[in-house]
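Please read these numbers as outputs of a predicted model, since none were measured by experiment.
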Amino acid sequence: MSDRRPPLYATHDGADAKFTPFGGWAMPVEFDSIRTEHEAVRESAGIFDVSHMGEIELSGPDAAALLQGLTTNDVESLSVGRAQYSAITDEEGTILDDTVVYRLDEEEFLFIPNAGHDERMEERWESHREEWDLDCEVENATEDWAMFAIQGPEAEDLVAEAAGEELRDLGRFAITEARIAGADCLLARTGYTGEDGFEALVPWDAAEEVWKEFDCQPCGLGARDTLRIEAGFLLSGQDFDPEENPRTPYEARIGFAVDLDTEFVGRDALARVNEDGPEELFIGLRLLERGVPRNGYEIRADDGAIGEVTSGTMSPTLGEPIGLGYVPTEYAEEGREVAVRIRGSDKRARIEAPGFLGDRQ
């Protein structure tokens, strides 16, 4: 089991949650059942402890310039109180991480690396700050903040009850200060489930009191995974990984988070990919026969293996087996039939755009 624990580890253990190591943390994977937790988020609301996510705070006159040089989106255009999805790439344009950047003030930012990436991102930001001679403070605040995600159609009611009616008006990808259970928190209308919802950054020592304010289904990483696969969202370390599965934002279909009019590490390489087109594309797969696609399974066409499944599950919402993966661009047309090899047998599958829930997302 990992050494890093969220502040509510003992609380979750007392609730008989099952734990799993994830990104160097010991996190609850299931409280009741994945199906129960998944359905709560789709039909009412659930709360996730996502305190394993990193928090890096930036402040100073050159904070925006440092972020602009190390993320693919246009940070300079981000207004105070707004959030922005972005990628962090190397010189070759390979995704090192994906993140959400929050602008808290003119010279104050926060961004959220994936679990276990906080220390390497802190080092990357500090080394480039020195190299570019920028005036910016970089602080790894990962163990200052707990983080909870309240997600689902009833999330707005829960947040209004806990933090005030005015929070109903918080727009998507906006962030504001909020007082919850007597603690000064940050509240953003963001999430990773495909549902409306909020993410709360909570002082580490106030985690238990804030958690109790939300009377809804506690959810673990198991339901978080089935929800995000249905929504077609990338999982770092699985749907992209700079060592095991290197991908550019265009391959991963997050080219919308790349602004080639800005200068950032990897910009020139990505301009070439954008001009030529990616050789492979992230796709959704819906199995047409019994079986469940899993990470590492071959995606096959008549002429043999053409790619691999990166994520897969039996969708609790659809009652159908679905997956995500990469295939050469010429095979990525929606509606094309391919096969997924499961235990030596080829199962028919149809290629779709990632995001299986259509208009309800």
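Put simply, the side chain of F264 reaches to within 4.5 Å of the side chain of V258, judged on heavy atoms. Inter-residue side-chain proximity for E208 and P7 is flagged as unmet; no heavy-atom pair is nearer than 4.5 Å. Looking at H117 and S236, their side chains come closer than 4.5 Å, going by heavy atoms from C-beta outward. The side-chain heavy atoms of R5 and W25, taken from C-beta on, include no pair separated by under 4.5 Å. For the pair F111 and L58, the minimum side-chain heavy-atom distance is below 4.5 Å. Side-chain contact check for V340 versus D346: every heavy-atom pair is 4.5 Å or farther apart. Annotation: side chain of V265 is in contact with side chain of R124 (closest heavy-atom distance under 4.5 Å). No side-chain heavy atom of T193 sits under 4.5 Å from any side-chain heavy atom of R228.
Listed here is the closest heavy atom pair of P293 and I322: CG-O, 3.3 Å. Across all non-hydrogen atoms, the minimal contact from V210 to A183 is CG2-CB, 4.2 Å. Of all heavy-atom pairs spanning R300 and V338, the tightest one is O-CB, 3.4 Å.
Here the side chain of R253 pairs a donor or acceptor atom with the backbone of F282 at under 3.5 angstrom. D90 places a side-chain N or O within 3.5 Å of a backbone atom of T94 that can act as its donor or acceptor partner.
Side chains of D97 and T99: a donor-acceptor N/O pair is absent below 3.5 angstrom, by distance only. No side-chain donor from either of Q238 and N295 sits under 3.5 Å from a side-chain acceptor of the other. Side-chain contact check for Y102 and T190: at least one donor-acceptor pair (N or O, by modelled atom type) lies under 3.5 Å. Using a 3.5 Å distance cut-off with no hydrogens or angles, the side chains of D239 and S311 do pair a donor with an acceptor. Between N73 and T71, the side chains place no donor N or O within less than 3.5 Å of an acceptor N or O (distance only, hydrogens not considered). Side-chain atoms of E107 and S59 form no donor-acceptor pair, as typed in the model, at a separation below 3.5 Å. At a cut-off of 3.5 Å, with distance as the only test, a side-chain donor of E57 or W145 sits close to an acceptor on the other residue. Residues D32 and Q217 bring a donor and an acceptor atom of their side chains to less than 3.5 Å of each other.
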Inset, instruction - Go through the steps for V41 and F48 under the test side chain to side chain contact (heavy atoms under 4.5 Å, CB included), then give the verdict. - result: CA-CA 10 Å; V41 173; F48 300 80; 3.8 Å; yes

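A continuous path of ILVMFWY side-chain contacts below 4.5 Å connects L324 to Y326, so both sit in one hydrophobic cluster. Transitive grouping of hydrophobic side chains (ILVMFWY, heavy atoms separated by less than 4.5 Å) brings F240 and I254 into a common cluster. I95 and L270 fall into different hydrophobic clusters, where Ile, Leu, Val, Met, Phe, Trp and Tyr residues are linked whenever their side-chain heavy atoms come under 4.5 Å apart, directly or through other members.
Atom CG of L227 sits about 7.0 Å away from atom OG1 of T317, to the nearest 0.5 Å. One distance of note links CG of L96 with CD of E243; it measures 9.5 Å at 0.5 Å rounding. With rounding to the nearest 0.5 Å, the separation of CG in L66 from CD in E126 is 10.0 Å. Here CG of L221 is found 6.5 Å from CZ of F22. Values are rounded to the nearest 0.5 Å.
Salt-bridge check for E280 with R247: passed, with a basic side-chain N closer than 4.0 Å to an acidic carboxylate O. With salt bridges taken as basic N to acidic carboxylate O contacts below 4.0 Å, none links R129 and D62.
Here F31 pairs with H12 under the ring-ring contact (aromatic ring centres under 6.0 Å, His included) rule; sequence neighbours left out.
Using a 30° and 60° split on the angle between ring planes, Y9 and F19 fall in the tilted class, from 30° to 60°.
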